[in-house]
Amino acid sequence: MERRVLNMSKIYIEVPKTTDMITASVPCGKEEDYLWQFTVMFEESDYLQKRIVTIMDNNCDDGGEPSIQSQIVKNGNDRKTRFEYHIDQSDLKADIVIDVFFCKENRIVIVEW
């Protein structure tokens, strides 16, 4: 009986309020020979009184269209939002969770796979 051990990895990124965009790269694939890249964009509108997080990924494909997700960050949910990604192809399998927190002085991005 084959037993697989799943190793979860996590990246914590502290983003100053003066930065509007970051990119996080996650190795995936059997040999970790692919980089699944996620560009996280922050928008804080004083006029609308909203905080919006948008994430665009490279979809691990050369020439594939990226997927784009946006969410409004509310005070009621601890100024946190969660994005989940899953890929299941013959040579590539990965589950990624990205949490974004808005703090008083900065933002925290946590990428877990």
Side-chain angles (χ1 to χ4, degrees):
M1 172 189 226
E2 182 181 333
R3 192 172 144 193
R4 294 183 67 189
V5 176
L6 297 176
N7 293 326
M8 294 297 289
S9 296
K10 198 180 274 193
I11 301 171
Y12 294 88
I13 304 167
E14 187 173 322
V15 182
K17 287 191 128 187
T18 56
T19 303
D20 294 329
M21 180 172 52
I22 59 128
T23 299
S25 298
V26 176
C28 51
K30 289 182 182 177
E31 304 296 321
E32 294 188 339
D33 49 353
Y34 293 101
L35 277 182
W36 199 353
Q37 295 178 321
F38 298 90
T39 300
V40 182
M41 295 165 269
F42 307 97
E43 175 66 34
E44 292 193 61
S45 173
D46 291 331
Y47 174 72
L48 296 174
Q49 297 182 348
K50 303 285 183 203
R51 298 179 184 105
I52 300 169
V53 177
T54 300
I55 298 183
M56 179 176 66
D57 76 326
N58 69 342
N59 214 13
C60 277
D61 281 338
D62 300 328
E65 290 295 317
S67 66
I68 298 173
Q69 295 185 46
S70 291
Q71 293 184 29
I72 295 175
V73 180
K74 301 176 184 173
N75 288 340
N77 57 359
D78 298 327
R79 296 186 190 141
K80 171 189 167 189
T81 187
R82 173 171 277 194
F83 297 85
E84 296 182 6
Y85 293 86
H86 174 77
I87 191 166
D88 189 359
Q89 298 174 355
S90 60
D91 61 339
L92 185 60
K93 295 179 185 351
D95 290 300
I96 314 286
V97 175
I98 301 173
D99 289 316
V100 179
F101 297 86
F102 276 77
C103 304
K104 185 175 182 179
E105 299 297 324
N106 58 23
R107 304 161 187 128
I108 306 292
V109 178
I110 301 172
V111 183
E112 186 173 1
W113 71 97

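When reading the values below, keep in mind they use all heavy atoms of this one structure, side chains included, and skip hydrogens, waters and symmetry mates. Along the sequence shown, residues carry numbers from 1.
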Donor + acceptor pair across side chains of Trp113, Asp95 (<3.5 Å):
no

Between Arg107 and Glu44, does any side-chain N to carboxylate O distance fall below 4.0 Å? yes

In the single-linkage hydrophobic clustering (I, L, V, M, F, W, Y; side-chain heavy atoms under 4.5 Å), do [X] and [Y] co-cluster?
X: Ile22; Y: Val26; result: yes
X: Ile13; Y: Phe102; result: yes
X: Met21; Y: Ile68; result: yes
X: Phe101; Y: Tyr12; result: yes
X: Phe42; Y: Ile11; result: yes

Tell me, do [X] and [Y] make a side-chain contact under 4.5 Å, heavy atoms counted?
X: Ile98; Y: Ile55; result: yes
X: Met56; Y: Gln37; result: no
X: Tyr85; Y: Ser67; result: yes
X: Lys80; Y: Asp99; result: yes

Next item on the list: Decide yes or no on side chain to side chain contact (heavy atoms under 4.5 Å, CB included) for Ser45 and Ile52, but give the supporting numbers first.
Entry: CA-CA 8 Å; Ser45 173; Ile52 300 169; over 6 Å; no

Check: Do Asp57 side-chain atoms and Pro66 backbone N/O form a donor-acceptor pair below 3.5 Å?
Finding: no

Review point. Checking Gln71 side chain against Arg82 main chain: does a donor-acceptor pair fall under 3.5 Å?
Key: yes

Looking only at heavy atoms, the pair that brings Ala24 and Val111 closest together is CB-CG2, 4.1 Å

Closest non-hydrogen atoms of Val15 and Asn106, given as atom of the first, atom of the second and distance, are O-CB, 3.3 Å

I need the [X] [atom1] to [Y] [atom2] distance, nearest 0.5 Å.
X: Met41; Y: Ser70; atom1: CE; atom2: OG; value: 7.0 Å
X: Arg79; Y: Ile108; atom1: CZ; atom2: CD1; value: 13.0 Å
X: Ile72; Y: Lys50; atom1: CD1; atom2: NZ; value: 5.5 Å

- Neighbour count >12 (heavy atoms, 6.0 Å) for atom NZ, Lys17: yes

| said: Would you say the ring centers of Phe83 and Phe38 fall short of 6.0 Å from each other? | reply: no

